[in-house]
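The model shown is predicted, which means the values in this text are computed figures rather than measured ones.
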Amino acid sequence: MSIRKCKRKLALCIASLFWAACDNDSSSSVAPVPDPETNASNDVSSSSESQTETPSSSSEEQPANPDIQEPASSSSEIPSSSSYSNPDYPYTLGLHPSVHCKDSTFYIPSPCASYRPNLKTVMTELSENEALYGVPPQTCTIPARNDSIFKCDNGMIYFKKMAYATTKSFALVGDTIEQCAPTAANNGEACPSAKEYFTNQAKNAEASTNYPNKYTLADNTTLNCKDAYETKLDTVNANGAKYDHWINELKQKCDNGNEYTTDELMDLVSKQNSAKPD
């Protein structure tokens, strides 16, 4: 083979290698142009696939957080009156079941302006005044005292026994403070219901057909009447204490069909002629 032919083949080989390298560079550097329709369909399919694969946040169960406390229901926060318990006021007031009370004392001052509790001093004064005037002076013998009471969370107080009374006023029946009827004994016996007592007294008076009370009016006519009662809760303010209790307000029911309070009846009675029963 001649040298010229070898040179020609060598030149052809070098040229072919050069163009092959150029083809590889152009194919790797030029990005293919995407088809818009193909990309749109691909986006729709990928979106639907992500929606299908991703669970809804509303249906996903959240892990419990131990630091977050569930709020208590309102029914558990507010105690009912039946389950109410206060160790400072352990008793329930029968007149008003929503009121609670405790044992206490209440100071009652002496009505005497110059009470002397020293018996020797009192006896000495009595002897001296008797020698001078022949008549002993009226000496006050009512001391100040502390009465046993039920003190309640509504600001009222209820006396267990009024001063110098022979019966209880209010007493415990179980854990409930009840008003005792005037017939209640003071020796630890049961406390009969005052409301029941006054209600029965009013019913019996209403059922009576006798009109024993007779009053002469200003026009000289006679009004025949009988006792009648209105059972009601009465509020008392005395010695700085306030309480309420059941009472029977006395009235006069007369044969003219009218019912009078004492003041109203006295207005009907002649001022010159006092009312007299026959």
Side-chain angles (χ1 to χ4, degrees), residues 78-119 121-122 138-206 227-251 261-262:
I78 304 175
S80 63
S81 59
S82 60
S83 62
Y84 176 87
S85 177
N86 185 344
D88 294 331
Y89 293 86
Y91 309 135
T92 300
L93 182 62
L95 294 177
H96 311 287
S98 63
V99 177
H100 297 81
C101 312
K102 64 180 180 180
D103 296 302
S104 187
T105 58
F106 187 79
Y107 177 75
I108 304 292
S110 171
C112 308
S114 58
Y115 173 70
R116 296 180 178 85
N118 190 305
L119 180 59
T121 302
V122 173
Q138 296 295 322
T139 303
C140 180
T141 58
I142 304 176
R145 64 184 187 276
N146 284 306
D147 284 353
S148 296
I149 63 166
F150 295 108
K151 184 177 181 180
C152 303
D153 56 10
N154 66 346
M156 290 191 176
I157 68 169
Y158 295 87
F159 289 89
K160 297 181 181 180
K161 178 177 174 292
M162 301 301 290
Y164 309 110
T166 58
T167 59
K168 293 178 289 188
S169 298
F170 287 86
L172 277 177
V173 179
D175 290 331
T176 302
I177 301 169
E178 298 289 357
Q179 181 186 349
C180 303
T183 56
N186 195 35
N187 56 3
E189 293 181 4
C191 173
S193 170
K195 183 179 181 181
E196 183 178 348
Y197 170 85
F198 290 127
T199 300
N200 290 336
Q201 185 183 44
K203 288 180 178 179
N204 293 335
E206 178 66 24
D227 291 343
Y229 300 97
E230 179 185 355
T231 305
K232 64 179 184 179
L233 271 176
D234 182 53
T235 302
V236 178
N237 289 278
N239 297 313
K242 182 178 181 181
Y243 63 94
D244 54 358
H245 62 164
W246 289 108
I247 65 166
N248 262 350
E249 182 181 6
L250 177 62
K251 296 184 177 182
T261 64
T262 302

Heavy-atom side-chain proximity of I149 to F170 below 4.5 angstrom: no
Side chain to side chain contact (heavy atoms under 4.5 Å, CB included) between F150 and L172, intermediate numbers included: CA-CA 10 Å; F150 295 108; L172 277 177; 4.1 Å; yes
Check: F106 main-chain N/O paired with D147 side-chain donor or acceptor under 3.5 Å: no
Gap separating the NE2 atom of H96 from the CE atom of M156, nearest 0.5 angstrom: 6.0 Å
Evaluation steps, side chain to side chain contact (heavy atoms under 4.5 Å, CB included), between N237 and Y243: CA-CA 7 Å; N237 289 278; Y243 63 94; over 6 Å; no
Candidate pair N146 and I108, rule side chain to side chain contact (heavy atoms under 4.5 Å, CB included), full reasoning: CA-CA 6 Å; N146 284 306; I108 304 292; over 6 Å; no
Value rounded to 0.5 Å, distance of CD in E178 from OG1 in T92: 10.0 Å
Beyond-backbone contact of K232 with I247, side-chain heavy atoms, under 4.5 angstrom: yes
Interatomic distance, Y197 atom OH to T183 atom OG1 [nearest 0.5 angstrom]: 6.0 Å
Distance in Å, K251 NZ paired with D227 CG, rounded so as to fall on 0.5 Å steps: 13.0 Å
Stepwise side chain to side chain donor-acceptor pair (under 3.5 Å) test for D103 and Y91: CA-CA 9 Å; D103 296 302; Y91 309 135; 2.8 Å; yes
Close side-chain approach of I157 to K242, heavy-atom, < 4.5 Å: no
D175 atom CG: more than 12 heavy-atom contacts under 6.0 Å: no
Spacing of NZ belonging to K160 relative to OG1 belonging to T105, to within rounding of 0.5 Å: 9.5 Å
Whether Q179 side chain and W246 backbone form a donor-acceptor pair below 3.5 Å: yes
Salt bridge (charged side-chain N to carboxylate O under 4.0 Å, His left out) partners for D244, two or more places apart: none
CA sep, side-chain torsions, deciding dist, call: H245, D234, side chain to side chain contact (heavy atoms under 4.5 Å, CB included): CA-CA 6 Å; H245 62 164; D234 182 53; 4.0 Å; yes
Flag side-chain contact, heavy atom, 4.5 Å: V99 against D153: yes
ring-ring contact (aromatic ring centres under 6.0 Å, His included) against F198, all qualifying residues, sequence neighbours excluded: none
Passing candidate, side chain to side chain contact (heavy atoms under 4.5 Å, CB included) with V173, options C191, C180, S193, P192: C191
NZ (K102) with more than 12 external heavy atoms under 6.0 Å: yes
Distance (rounded to the nearest 0.5 Å) between N86 CG and C101 SG: 11.0 Å
